[in-house]
K.L.:
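Submitted below is the structure of interest, expressed as structure tokens.
Counting starts at 1 for both ligands and their atoms, following the listed order. Atom set for the values below is all heavy atoms of this structure, side chains included, hydrogens, waters and symmetry mates excluded.
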Amino acid sequence: MHASTQHETTEAAVADKLAEALQAKAEHQGCGTSGGSGKASCGSSAGQGDLPTEIWEKVKNHPCYSEEAHHHYARMHVAVAPACNIQCNYCNRKYDCANESRPGVVSEKLTPQQAAKKVLAVASTIPQMTVLGIAGPGDPLANPEKTFQTFELINRTAPDIKLCLSTNGLALPDHVDTIAGFNVDHVTITINMVDPEVGAKIYPWVFWKHKRYTGYEAAKLLTDRQMLGLEMLTERGILCKVNSVMIPGINDKHLVEVNRAVKSRGAFLHNIMPLISAPEHGTVFGLNGQRGPTAQELKALQDSCEGEMNMMRHCRQCRADAVGLLGEDRSAEFTTDKIMAMEVNYDLDSRKAYQALVEEERVAKVAAKQEEMEALAGEQSDIKLLVAVATKGSGLINEHFGHAKEFQVWELSTGGAKFVGHRRVDLYCQGGYGEEDSLETIIRAINDCHAVFVAKIGGCPKADLVKAGIEPVDGFAHEFIEKSAITWFKEYLNKVKTGEIVHAERGDAEIRQGALTNAA
Ligand code: CLF
Ligand code: SF4
């Protein structure tokens, strides 16, 4: 049990205000005015750290470029780019691009006009949606007319939305000036190798200037174009993120070299993602039994690449028509039929007013964490451990164990709480009943964690978790994650000190392949 604090009151007040704002928004559909003064801005410094202000301005509400922002802000993708100019062994053309989307779900393809209407519809309904990305289902730059026409329409109709692009990089050098001309501030390049020998095992062919290249030659062409494109973008001040797919036995060790190569060319962020390959996806890797990494293999590689360059650890390998916070999928609310029938009311002032409330919440969260960190200041211990958290967003422990489709994973040490990833799981609670099979997969997915923080949990799963050595923690319901985790960690260290418990390392965990298809 945790005594009520001033921060809990602040948290509750901010959460109430956000709920009220959303309610008011829902009631005001069709009304072009809002209570906002129009002066509200997202200019708080919560989370800026030592980032220069001009960079912070670009990342502060981009859910992929700022880990902190992803708890609060949403992105959407529009699937306007069906064609691709290369073949990756982890991709099956029948499915969404595996670079930026989870395989197994075919997107509805949109025209640029339909895409623009969809962006306005989502922006009107989800005021914290701040970024529009084009990420497939093929390669956006293999479909340049559709991609740039969509950006042009959005620039005109929804100027507060950041534009984002994800590409395999083959055609990138030809389009850098156009990208800069449309004020696209964020570009992701998927770079899996800088050595064509490695590349030849990942890419069977690339298609460039009306010619198909294979083997070493194909991979050499691709890596040269990727490096050139990256240099050209960073020279122009465009923030670049590099996505790499970790393929054990093929490029896992080599990705350290990739990290060095992209860092030296000015990439801002490196996102190393696990290979998703199941036979049912019908990919070359899926069919030939190529495995993906375990959770600890992935974390070890990410940790070893974490130097001066930021590592992204909160990627959800989204589908090409994803909508919502990372980790939630609201795309079913915005099918073409539904958006075409929607009356759109894009109101910039009310979006800004809502986002100002989100900023208040971020400030309250940072203040709560700092206060807790002060209490941890005197602690001396080498113990480092992981905990899992069930959350619906906003940086709060606000999801029931049985309703969680994923768990966030945080690493706790005397240095504080650090977000290190997430684990997709099967829903435990199906139709009101707990599923024993699901519980087993959940335990396997968070097996490297010492505790799981939830808003609520039933007696049965609680007992099974305890049996598996994972402590279910429900005493911090609706409180901030970091603050709560640090409080719990302090208590844990205390119990170790007094001999009440003995600290032991946990085992490895499984990255669930099937959960990346359309689960529940
Ligand atoms: Fe989309 Fe990609 Fe832009 Fe984000 S996703 S185009 S940078 S707005 Fe983000 Fe999704 Fe990971 Fe991509 S979580 S797959 S990194
Ligand atoms: Fe598939 Fe994307 Fe690779 Fe093209 S770039 S083959 S769409 S994963």
Side-chain angles (χ1 to χ4, degrees), residues 58-59 61-67 69-70 73-103 106-107 119 129-143 147 151 161-172 184-192 199 202-207 218 222 226 238-245 268-277 281-285 310-329 406 421-422 516:
K58 287 183 183 170
V59 304
N61 58 4
H62 192 308
C64 301
Y65 280 70
S66 158
E67 186 279 309
H70 101 277
Y73 289 104
R75 54 75 184 98
M76 69 176 291
H77 290 163
V78 285
V80 294
C84 193
N85 47 6
I86 71 173
Q87 178 65 58
C88 307
N89 278 336
Y90 48 74
C91 176
N92 174 351
R93 287 280 195 279
K94 276 195 284 176
Y95 298 110
D96 284 349
C97 174
N99 283 341
E100 280 285 336
S101 46
R102 53 187 180 175
V106 180
S107 316
V119 173
M129 189 281 285
T130 46
V131 177
L132 166 76
I134 301 186
D139 186 78
L141 298 180
N143 305 261
T147 295
F151 282 156
I161 290 178
K162 285 187 191 337
L163 302 178
C164 195
L165 176 76
S166 171
T167 175
N168 60 42
L170 181 68
L172 182 57
V184 178
D185 272 341
H186 304 82
V187 175
T188 295
I189 315 171
T190 299
I191 301 179
N192 296 317
I202 303 171
Y203 305 102
W205 57 260
V206 313
F207 192 77
L222 181 62
Q226 288 175 332
I238 295 171
L239 279 191
C240 292
K241 171 164 72 63
V242 168
N243 281 1
S244 302
V245 180
F268 174 73
L269 191 61
H270 194 185
N271 171 25
I272 299 181
M273 311 178 288
L275 170 73
I276 302 300
S277 78
H281 299 154
T283 63
V284 171
F285 284 152
N310 306 311
M311 295 301 293
M312 177 182 187
R313 297 175 191 249
H314 58 285
C315 176
R316 301 305 203 276
Q317 290 165 285
C318 328
R319 33 189 285 166
D321 56 1
V323 175
L325 292 171
L326 304 188
E328 78 172 358
D329 183 11
E406 66 168 32
H422 66 280
L516 289 157

K.L.:
Taking only heavy atoms of C164 into account, list the atoms of ligand 1 that are under 4.0 Å away from them.
P.N.:
3 (Fe), 6 (S), 7 (S), 8 (S)

K.L.:
Are any non-hydrogen side-chain atoms of F268 and N310 less than 4.5 angstrom apart?
P.N.:
yes

K.L.:
Taking the non-hydrogen atoms of G136, is any one of them nearer than 4.0 angstrom to ligand 2?
P.N.:
no

K.L.:
Are the side chain of R75 and the backbone N or O of G324 linked by a donor-acceptor pair below 3.5 Å?
P.N.:
yes

K.L.:
Measure the distances from the heavy atoms of M76 to every atom of ligand 1 and state whether one is below 4.0 angstrom.
P.N.:
no

K.L.:
Backbone or side chain, does C84 get an N/O/S atom under 2.8 Å to atom 3 (Fe) of ligand 2?
P.N.:
no

K.L.:
Hey, which atoms in ligand 1 end up nearer than 4.0 Å to a heavy atom of L326?
P.N.:
13 (S)

K.L.:
With heavy-atom distances below 4.5 Å as the criterion, would you say the side chains of Q226 and L172 are in contact?
P.N.:
no

K.L.:
Just jot down the ligand 1 atoms closer than 4.0 angstrom to any heavy atom of T188, in number order.
P.N.:
7 (S)

K.L.:
Just how far is it from atom CE of M311 to atom CG of N271, taken to the nearest 0.5 Å?
P.N.:
7.5 Å

K.L.:
Could you establish whether H186 and ligand 1 come within less than 4.0 Å of each other, counting only heavy atoms on the residue side?
P.N.:
no

K.L.:
Where does Q317 meet ligand 1, judged by heavy-atom distances below 4.0 Å: at the side chain, the backbone, both, or neither?
P.N.:
backbone

K.L.:
For P137 and ligand 2, answer yes if some heavy atom of the residue is under 4.0 Å from a ligand atom, otherwise no.
P.N.:
yes

K.L.:
Backbone, side chain, both or neither: what part of D139 comes under 4.0 angstrom of ligand 2, heavy atoms only?
P.N.:
neither

K.L.:
Mind checking whether H186 and H62 have parallel, tilted or perpendicular rings, split at 30° and 60°?
P.N.:
tilted

K.L.:
Are any of the side-chain heavy atoms of I134 and V78 separated by less than 4.5 Å?
P.N.:
yes

K.L.:
List ligand 1 atoms under 4.0 Å from R316, heavy atoms only on the residue side.
P.N.:
11 (Fe), 13 (S)

K.L.:
Verify whether one side chain among N92 and T283 offers a donor that lies under 3.5 Å from an acceptor in the other.
P.N.:
no

K.L.:
Calculate, to the nearest 0.5 Å, the distance between atoms NE2 and CD1 belonging to H270 and I191 respectively.
P.N.:
7.5 Å

K.L.:
May I ask whether I86 places a heavy atom under 4.0 Å from ligand 2?
P.N.:
yes

K.L.:
List every atom of ligand 1 that sits less than 4.0 Å from any heavy atom of H77, numbering the atoms from 1 in the order shown and giving each element.
P.N.:
1 (Fe), 5 (S), 6 (S), 8 (S)

K.L.:
Answer side chain, backbone, both or neither: which part of M312 comes under 4.0 Å from ligand 1, heavy atoms only.
P.N.:
side chain

K.L.:
Can you tell me if, anywhere in C64, an N/O/S atom lies at a distance from atom 4 (Fe) of ligand 1 that is smaller than 2.8 Å?
P.N.:
yes

K.L.:
What's the spacing between T188 OG1 and N168 CG if we round to 0.5 Å?
P.N.:
12.0 Å

K.L.:
One residue to check: K241. Relative to ligand 1, which of side chain, backbone, both or neither has a non-hydrogen atom less than 4.0 Å away?
P.N.:
side chain

